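In what follows, chains are A, B, ... by sequence order, proteins preceding strands, each numbered from 1. None of these values were measured; they are calculated from a predicted model.
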Amino acid sequence: KQEVTQIPAALSVPEGENLVLNCSFTDSAIYNLQWFRQDPGKGLTSLLLIQSSQREQTSGRLNASLDKSSGRSTLYIAASQPGDSATYLCAFLSGSARQLTFGSGTQLTVLP
Amino acid sequence: SQTIHQWPATLVQPVGSPLSLECTVEGTSNPNLYWYRQAAGRGLQLLFYSVGIGQISSEVPQNLSASRPQDRQFILSSKKLLLSDSGFYLCAWSVRSGIGNEQYFGPGTRLTVT
């Protein structure tokens, strides 16, 4: 069964810093991974999708990488802004199931 | 463009009462549909998914049920709510063809069972 771990659980940084959020998984037979953003009391917003054949995806100040051999994914946020404050979730679609398996999230606070 | 709607946005129900949450998708046809629950202090858990009208798969045993009466409508129901049913319920959709498609989530319904 796929297990997903996100570290750290919470992170507080000053505005302008570059930061990395980590996600690890146990089942290397994945189809893709998605990084989501969740604001308090809101639904999930998809940020980036990486297919299993890809190593990274970029969107604006965000860059997500995937290393299946080590069972890791990272989300890099450049030049962080207070508006980036939210909970970031990673999720994997594994080969043996149709559903996404989610990590517990990293709560990011960017201080002005 | 595709949009996904959920209602109600918030709901407070007593223990033992029935439940009906609705999700509809616009701008696409034949989607896969999903119900997730996010309980306090816990991650998102898939409850049900559907690949077509009347086709429902359950991922966890519970007192909830799901139905898909129309192609773009997904309903989550219960005959008698439990305190443990409280949580944030999210509906999602993905393109049906192929594997590994991106999932898109609705705004969610906050359910409090008292």
*In terms of heavy-atom contacts, does CD of Gln107(A) have more than 12 from other residues, nucleotides or ligands at under 6.0 Å?*
no
_Rounded at 0.5 Å granularity, tell me how far OG1 in Thr101(A) sits from CG in Leu46(B)._
8.5 Å
*Measure distances from Leu44(B) to the heavy atoms of chain A and classify the residue's part below 4.5 Å as side chain, backbone, both or neither.*
both
*Part of Gln38(B) within contact of chain A (heavy atom distance under 4.5 Å)*: side chain
*Do the side chain of Gln34(A) and the main chain of Gln103(B) share a donor and acceptor less than 3.5 angstrom apart?*
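Yes, because the side chain of Gln34(A) sits within donor-acceptor range (under 3.5 Å) of the backbone of Gln103(B).
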With hydrophobic residues grouped by side-chain heavy-atom distances under 4.5 Å, do [X] and [Y] end up in a single group?
X	Y	result
Leu66(A)	Tyr76(A)	no
Leu83(B)	Leu21(B)	yes
Val51(B)	Tyr31(A)	yes
Ile4(B)	Ile56(B)	yes
Phe48(B)	Trp7(B)	no

*Relative to chain B, which segment of Leu89(A) carries a heavy atom at a distance below 4.5 Å: side chain, backbone, both, or neither?*
side chain
*Please determine, among Pro107(B), Gly43(B), Gly108(B), the option with the most heavy-atom pairs under 4.5 Å with chain A.*
Pro107(B)
*How far apart are the C-alpha atoms of Leu100(A) and Tyr36(B), what are their side-chain angles, what is the distance that settles it, and do they pass the side-chain contact (heavy atoms from CB on, under 4.5 Å) test?*
CA-CA 10 Å; Leu100(A) 290 172; Tyr36(B) 290 85; 3.7 Å; yes
*Return the minimal non-hydrogen interatomic distance between Phe88(B) and Gln38(A), and the atom names on each side.*
CE2-NE2, 3.7 Å
